[in-house]
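Worksheet: the structure to be examined is printed underneath.
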Amino acid sequence: MDALPLSEPGANLPAPTVHASLRGVTRIYPGSPPVHALGPIDLDLAKGEFFAVIGPSGCGKSTLLDVLAGLSAASDGQVTFEGKPVAGNVPEGVGVVFQEDASFPWLSVSDNVAFGLRRAGVDPAEIKRRVDYAVGFMGLRDFARAFPMQLSGGMRQRVCIARTLVMQPRLILLDEPFGALDQQTRLLMGDELLRLWRETQATVLLITHALDEAAMLSDRVGAMSARPGRFVDLVETGWPRDRDSTLVAEAGFGALTARLWSHLRAESIKAIGGGRA
Amino acid sequence: MNYGRKVLLARFALIVGAIALLELLCRTGVINPLTLLAPSAMAAAMVQVIASGQVTSDIIRTFSTVAIAFAASVVVGIAAGALLHAIPRLRRAMDPLLASYYAMPFFVFYPVLVAFFGLNAMPLIAIGFAAAMVAMLISTLNGLDRVPPVMLKVARMHRLGRLRTLFLVVVPAAAPSLMTGTKLALAYAFISIIAGEFILSGKGLGYQIAYAYNSFDNRTMYGLMLFVLLVVTVMNSLLHVWEQRLLRRRSRA
């Protein structure tokens with residue numbers, strides 16, 4: 001694969017359809033004193049785009065995801081998904097994968113994956129078809145009857161991804177899903193995620209603290225400032241849609257991560273209260 | 001043989017060995033039979049007393065009293081625990097009371113309870129309930145505290161309402177603590193009601209044991225003691241097996 005040049009936001013996107021958008025979104029947690037966690041943020045996610053968000057710890061990345069998912073209401077501004085406002089409820093068509101292990105330990109892998117479908121009253125034959133597909137897709141076929149605590153951390157996270165996948169979300173939000181995994185497993189999980197993204201053609205927003213993960217997986221990367229989180233840079237990676245973890249060997253990959261780090265370094269120093277930059 | 005079977009076998013051998021030793025000490029006269037009956041004599045006495053029917057009404061009385069106190073303590077304990085969990089201010093106010101609750105000797109309230117409820121099973125049910133309910137309440141609080149917030153987020157992601165979130169996510173997530181609370185509630189209900197009958201009542205197994213003790217009727221006393229011991233052990237073992245089956249899924253194989 002040829003090294004691809006970095007480009008300015010929007011330079012190469014062919015008039016995309018806006019799938020989800022945030023306009024002037026701010027999140028302030030009440031208290032004394034109130035905590036201004038996020039924004040104001042403006043962001044358009046194009047349909048089918050893979051967008052990654054990086055930023056220093058505590059900058060409001062997860063808050064951004066919660067607001068976009070409808071798990072938390074914005075204090076100000078407007079969030080829309082497929083043109084409809086998102087106001088404190090998770091809209092149909094949105095799936096979230098969290099950083100923490102969110103598999104249900106009392107359910108088998110298959111039952112975990114089928115959880116949402118059963119609650120939604122989907123036909124049992126259709127549940128079986130979708131669960132079998134998702135379990136196979138995530139490489140869990142041999143563990144379908146196992147319980148989560150019999151699996152490794154990476155496999156449990158795959159269970160959670162499969163549980164989201166079977167709901168056929170059109171917007172997938174991932175909150176540092178590989179944060180607890182070792183580097184090798186993260187790269188391989190990244191490949192699986194790219195495969196999933198291509199197959200489902202969903203729009204993906206990935207929150208991560210790993211620059212290489214953001215650079216490898218996404219079409220665009222948004223670098224956030226220290227709290228209150230705002231985008232200080234939006235970088236188009238320019239990678240082809242058919243990509244995988246071998247990208248890390250590309251010459252352009254180093255330049256991309258260096259550009260991201262140049263922003264993140266200064267903001268991380270601010271976030272930990274240092275005076276040096 | 002796996003580790004679990006070895007532990008089980010060692011436990012069984014220990015119990016059998018202790019019973020055999022006791023039998024030997026009693027049969028050889030090392031232990032005076034007026035002080036302690038040999039285990040085989042205890043078992044024979046138990047069978048005889050139970051088969052005679054002379055304590056059937058007491059057995060029914062004790063077990064029904066325990067069952068009512070236990071069921072009420074589980075239901076109220078879970079409801080009160082959920083309420084305190086939902087209202088943090090109320091919980092903060094109640095915390096010191098809950099922490100010092102078991103320092104209170106419940107039996108001192110017996111006269112007041114008799115004045116309220118009369119000379120029937122209700123005062124002892126109230127004592128059993130008081131002893132068991134708070135154990136259930138505290139276990140419920142512990143269980144609810146340990147429900148990972150991310151699971152509640154998953155429930156919201158699947159657009160579950162409050163009731164479905166409660167029954168499909170919260171209760172299963174808190175189940176190990178609820179199970180512990182149930183075991184404690186059963187034990188506390190049994191202990192307090194048998195003790196209450198022993199000291200305060202004119203009916204029930206506790207009363208019959210006390211009566212046999214005061215009448216120097218060792219055979220009946222030890223027979224009934226063994227019966228109570230066996231029943232409590234069987235009930236706790238059943239709960240333990242259920243708990244282990246529940247936990248086995250949640251711990252790495």
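Here is the naming used below: chain letters follow the sequence lines, and residue numbers restart at 1 for every chain. All values derive from a computational prediction rather than experimental measurement.
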Notebook entry, point to check: Do B/Arg159 and A/Arg119 pass the side-chain contact (heavy atoms from CB on, under 4.5 Å) test, and can you show the C-alpha distance, the side-chain angles, and the key distance before you say yes or no?
Noted result: CA-CA 9 Å; B/Arg159 289 175 290 283; A/Arg119 307 294 84 79; over 6 Å; no
Next item on the list: Mind listing the closest non-hydrogen atom pair of B/Met151 and A/Pro105 along with its distance?
Entry: CE-CD, 3.5 Å
Checklist line | Heavy-atom pair count under 4.5 Å with chain B, highest-scoring of A/Thr164, A/Asp175, A/Val90 | finding: A/Val90
Check: For B/Phe116, does the CZ atom sit with more than 12 other heavy atoms under 6.0 Å from it, leaving out its own atoms?
Finding: no
Check: Is the number of heavy atoms from other residues, nucleotides or ligands within 6.0 Å of OH (A/Tyr29) greater than 12?
Finding: yes
Item checked: chain B contact via A/Ser108 - side chain, backbone, both or neither, heavy atoms under 4.5 Å -> neither
Check: Checking A/Gln99 against chain B: side chain, backbone, both or neither under 4.5 Å from a heavy atom?
Finding: neither
Item checked: Over 12 non-hydrogen atoms of neighbours within 6.0 angstrom of CE in A/Met155 -> yes
Item checked: Side chain, backbone, both or neither of A/Ala102 within contact of chain B (heavy atoms, under 4.5 Å) -> both
Notebook entry, point to check: Which pair of non-hydrogen atoms, one from B/Leu168 and one from A/Trp106, has the smallest distance, and what is that distance?
Noted result: O-CZ2, 3.5 Å
Next item on the list: Enter the distance from A/Glu100:CD to B/Lys153:NZ here, rounded to the nearest 0.5 Å.
Entry: 6.5 Å
Note to self: Evaluate B/Met157 against A/Val94 for side-chain contact (heavy atoms from CB on, under 4.5 Å), listing each step before the verdict.
What the structure shows: CA-CA 8 Å; B/Met157 189 185 85; A/Val94 174; over 6 Å; no
Item checked: Distance-minimising heavy-atom pair for A/Asp101 and B/Val150 -> O-CG1, 3.8 Å
Item checked: Under 4.5 Å from a heavy atom of chain A, the part of B/Arg156 involved -> both
Item checked: Over 12 foreign heavy atoms within 6.0 Å of CZ, A/Arg227 -> no
Next item on the list: Using non-hydrogen atoms and a 4.5 Å limit, figure out which bit of A/Pro169 sits close to chain B: side chain, backbone, both or neither.
Entry: neither
Margin query: Is it true that, when you exclude B/Arg146 itself, more than 12 heavy atoms of the residues, nucleotides or ligands shown sit nearer than 6.0 Å to its CZ?
Written below: no
